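Everything on this sheet refers to the single structure shown next.
As the structure is a prediction and not an experimental result, all values here were calculated from the model. Each chain gets a letter, A, B and so on, in the order its sequence line appears, and its residues count up from 1.
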Protein chains: 2
Amino acid sequence: MPRPSRASPDRILAAAAAEFARRGYSGARVDRIARRAGVNKAMLYYHFRSKQALYRTILGRVFRLAGERLQAIASSGLTPDAKIDRVIALIATFVRDHDFFPAIMLREIAERGAHLDRDTLAAMAVLPQSVARIVQEGVAERRFRPIDPLAAYFIMLPPILFYLAGAPIRKALSDRHVLNLPSIGPEAFVRCLQQSMRLALASTAQAPAEEQT
Amino acid sequence: MPRPSRASPDRILAAAAAEFARRGYSGARVDRIARRAGVNKAMLYYHFRSKQALYRTILGRVFRLAGERLQAIASSGLTPDAKIDRVIALIATFVRDHDFFPAIMLREIAERGAHLDRDTLAAMAVLPQSVARIVQEGVAERRFRPIDPLAAYFIMLPPILFYLAGAPIRKALSDRHVLNLPSIGPEAFVRCLQQSMRLALASTAQAPAEEQT
DNA sequence: GTCTATACTTCGATAGAC
DNA sequence: GTCTATCGAAGTATAGAC
C-alpha cells in the first residue's frame with residue numbers, strides 16, 4: 001500500500017467535512033472533495049451513493065458523537081452547575097477535534113435541515129434536549145433561577161459555536177486590512193462564558209441544602 | 001402600471017433576500033429570484049450586474065442599517081445597562097422587519113465573508129464594534145464586571161440570532177414528527193436574554209455613584 | 001424597461017476497462 | 001477497489017427584438 005495513512009472512506013469523509021464546512025452543501029464540489037481525499041470521483045461514488053448520502057453520513061456521525069457525550073454529562077452525578085461548566089468545555093474540546101463542526105452547525109440551522117433525513121434530524125435534536133434536561137433539573141432543585149430550559153440552551157451554546165466559527169472571518173478582516181478585532185483565545189472565551197452562565201443561571205436565593213459528597 | 005406595488009429593483013431585492021437566506025449564496029438560483037420577483041432573468045441582470053452584485057447589495061444595505069441603529073444606541077445618553085437592553089430588543093425588532101437577517105448572518109459567518117468586498121465586510125464589522133464599545137464603557141465605569149468587550153458581544157448576540165434563525169427548523173422537527181421542542185415566543189426570549197445579560201454583566205461590587213438624571 | 005431564446009460553463013453521476 | 005472518459009441536467013449570463 002503506497003502510504004494511505006487512512007482508508008479511502010475515512011479520507012473522503014474528512015475531506016468532505018472540510019469542504020461542506022467551508023462552502024456549504026450547495027457550494028461544495030464533489031470534484032474538490034475527491035481531489036482533497038486523493039481519490040477520483042468514481043471512487044467517491046463507489047463508497048458513497050451520492051453527495052447527499054455523504055453529507056448525511058458526516059452530520060449523523062458528528063451529531064451522534066456530540067449527543068452521546070452531552071448525555072453522558074447530563075446523566076453524571078455532578079451538580080447542575082458543574083454540568084453546565086462541563087458542557088461548555090466539552091463543546092470547545094469537541095470543536096478542537098472536529099473543526100468543521102461550528103460552520104456546519106450554523107449552516108444547518110440556516111438550511112432548516114433541508115438536506116437531512118429523520119434520523120439525522122433526530123440526532124441533531126439530542127443537543128438541545130440534553131442541555132435542557134440539565135437546566136430543568138437545576139431549576140427543579142432550586143439551584144438555578146426559574147428559566148425556560150430551551151431558552152437557556154440558546155443562551156449557552158450559540159456563543160461558543162459562533163465564537164469558534166467566527167475565527168476565520170475575523171482573520172480575514174485582519175488579513176485584508178479591513179479591521180482588527182482583538183479577540184481572546186478559545187480557552188479564555190470558554191472561561192468567560194462559563195462564568196457568565198454561572199451568573200446568569202444562579203438562583204438568587206442561594207442554593208439550598210448543599211448536599212454534595 | 002398593472003399593480004407593481006413596488007418597483008422592480010425593490011421587488012428583486014426582496015425576493016433575493018428570501019432566496020439567499022433560505023438557500024445560501026451557492027444554493028440560491030437566479031431563476032427562482034426572478035420568478036418570485038415577478039420579472040424574468042434578463043430584467044434582473046438589467047438592474048443588477050450579477051448574482052454576486054445582488055448579494056453584496058442586500059448584505060451591504062442590511063448591515064449598514066443595523067450598524068446605524070446600534071451606533072445610535074451606543075452614542076445615546078443611556079446607562080450601559082439600558083443600552084444592552086436596547087441592543088437586544090433592537091435585534092429582535094430588526095429581525096421582525098427583516099426576517100432574512102438571522103439566516104444570512106449565520107451563513108456569512110460560516111462562509112468567512114467569501115462573497116463580500118471590503119466595504120460590505122466593514123459594514124458587517126460595525127456590529128461587534130458598537131456592542132464592544134458599550135461594554136467597554138460599562139466596564140470602565142465599573143457598572144459591569146471586568147469582561148472582554150468582544151467576548152461579551154459573542155455572549156449577547158448569537159443567542160438571539162440563533163434562536164430566531166432556528167424557528168423554522170424547530171417547526172420542521174415538529175411537522176415531520178421528529179420531535180417537539182416546546183419553545184417560548186420571541187418576546188419572552190428577548191426578556192429572558194436581557195435578564196441573563198444583566199446578571200452576567202453586573203459588577204459584583206454594586207454600581208458606584210448612581211448619577212442618573 | 002421588458003421580453004424570448006440561447007450561448008457557454010459547471011456539476012453530479014455513471015459507464016466500462018483494468 | 002481503482003481508474004479515464006463522458007453524459008445529461010442545471011446554472012449564470014447575454015444577445016437582440018420590442
Side-chain angles (χ1 to χ4, degrees), chain A residues 1-60 104 107-108 110-111 114-117 120, chain B residues 1-60 104 107-108 110-111 114-117 120:
Chain A
M1 286 178 286
R3 101 125 213 81
S5 64
R6 291 171 294 184
S8 280
D10 280 353
R11 293 179 55 83
I12 293 169
L13 283 170
E19 174 77 0
F20 283 129
R22 186 167 185 131
R23 318 254 184 183
Y25 180 81
S26 307
R29 297 292 165 247
V30 176
D31 305 60
R32 263 198 298 258
I33 295 173
R35 188 161 37 78
R36 283 206 216 179
V39 302
N40 54 48
K41 268 195 295 188
M43 191 74 258
L44 186 151
Y45 280 105
Y46 172 79
H47 287 294
F48 300 92
R49 227 168 291 157
S50 63
K51 183 182 181 181
Q52 191 180 59
L54 184 54
Y55 188 70
R56 290 179 179 173
T57 302
I58 292 169
L59 266 67
I104 291 217
R107 290 183 190 278
E108 206 47 44
E111 293 272 340
H115 311 288
L116 304 182
D117 51 20
T120 315
Chain B
M1 287 177 287
R3 116 145 188 72
S5 64
R6 291 172 294 184
S8 280
D10 280 354
R11 292 178 56 85
I12 293 169
L13 284 170
E19 175 76 359
F20 283 130
R22 187 169 185 128
R23 318 255 185 182
Y25 180 80
S26 306
R29 296 294 166 244
V30 177
D31 307 59
R32 264 197 297 258
I33 296 173
R35 190 160 36 79
R36 280 206 218 179
V39 302
N40 54 49
K41 271 193 292 188
M43 191 74 258
L44 187 152
Y45 281 106
Y46 172 80
H47 286 295
F48 300 92
R49 227 168 292 158
S50 63
K51 182 183 180 180
Q52 189 179 60
L54 182 55
Y55 188 69
R56 290 179 178 173
T57 302
I58 291 169
L59 267 67
I104 291 218
R107 290 183 189 277
E108 205 47 44
E111 293 273 342
H115 311 288
L116 304 182
D117 51 18
T120 315

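In terms of position along DNA chain C, the nucleotide closest to B:Pro9 lies nearer the 5' end than the nucleotide closest to the other residue of the pair A:Val30 and B:Pro9.
Minimum atom distance to the side chain of B:Ala42 is reached by D:dT14, of the listed D:dT6, D:dT12, D:dT14. Distances from the side chain of A:Tyr45 to the nucleotides C:dG1, C:dT14, D:dA13 place C:dT14 closest. Proximity note for A:Met43 (side chain, C-beta onward) versus D:dG1, C:dG12, C:dT2: the nearest is D:dG1. Minimum atom distance to the side chain of A:His47 is reached by D:dT2, of the listed D:dT2, D:dT12, C:dG12.
Straight-line distance from the OH atom of B:Tyr55 to the C1' atom of D:dT12: 17 Å, rounded to whole Å. Between the OH atom of A:Tyr46 and the P atom of D:dG1 there is a distance of 5 Å, given to the nearest Å. Between the NZ atom of A:Lys51 and the C1' atom of D:dA10 there is a distance of 12 Å, rounded to whole Å. What separates NZ of A:Lys41 from P of D:dT4 is a distance of 12 Å, to the nearest Å. As rounded to whole Å, 16 Å separates atom P of D:dA15 from atom CG of B:Leu44. One atom, CG of B:Leu54, and another, P of D:dA13, lie 10 Å apart when rounded to the nearest Å. A:Arg35 places its CZ atom 19 Å from the P atom of D:dT2, with the value rounded to the nearest Å. As rounded to whole Å, 15 Å separates atom P of D:dA13 from atom CZ of B:Arg32.
Of the side-chain N and O atoms in A:Asn40, none sit less than 4.0 angstrom from OP1 or OP2 of D:dT2. Look at B:Ser8 and you won't find any side-chain N or O under 4.0 angstrom from OP1 or OP2 of C:dG1. At the phosphate of C:dG12, OP1 or OP2 sits under 4.0 Å from a side-chain N or O atom of A:Arg29.
B:Asp31 comes within 4.0 angstrom of a nucleotide base, judged by non-hydrogen atoms across all strands. Contact annotation for B:Ala34: no contact, since no heavy-atom pair falls under 4.0 Å across all strands. Backbone-only engagement by A:Ala28 is indicated by non-hydrogen atom pairs under 4.0 Å involving sugar-phosphate atoms exclusively.
Without hydrogens or angle criteria, A:Arg32 side chain to A:Glu19 main chain gives no donor-acceptor distance under 3.5 Å. When atom types are taken as modelled, the side chain of A:Arg107 and the backbone of B:Ala110 share a donor-acceptor pair closer than 3.5 angstrom.
Considering only heavy atoms from C-beta on, B:Arg35 stays 4.5 Å or farther from B:Lys41 through its side chain.
The shortest non-hydrogen separation linking A:Ile33 to A:Ile12 is CG2-O, 4.0 Å.
Ring planes of A:Phe20 and A:Tyr25: parallel class, angle under 30° (limits at 30 and 60°).
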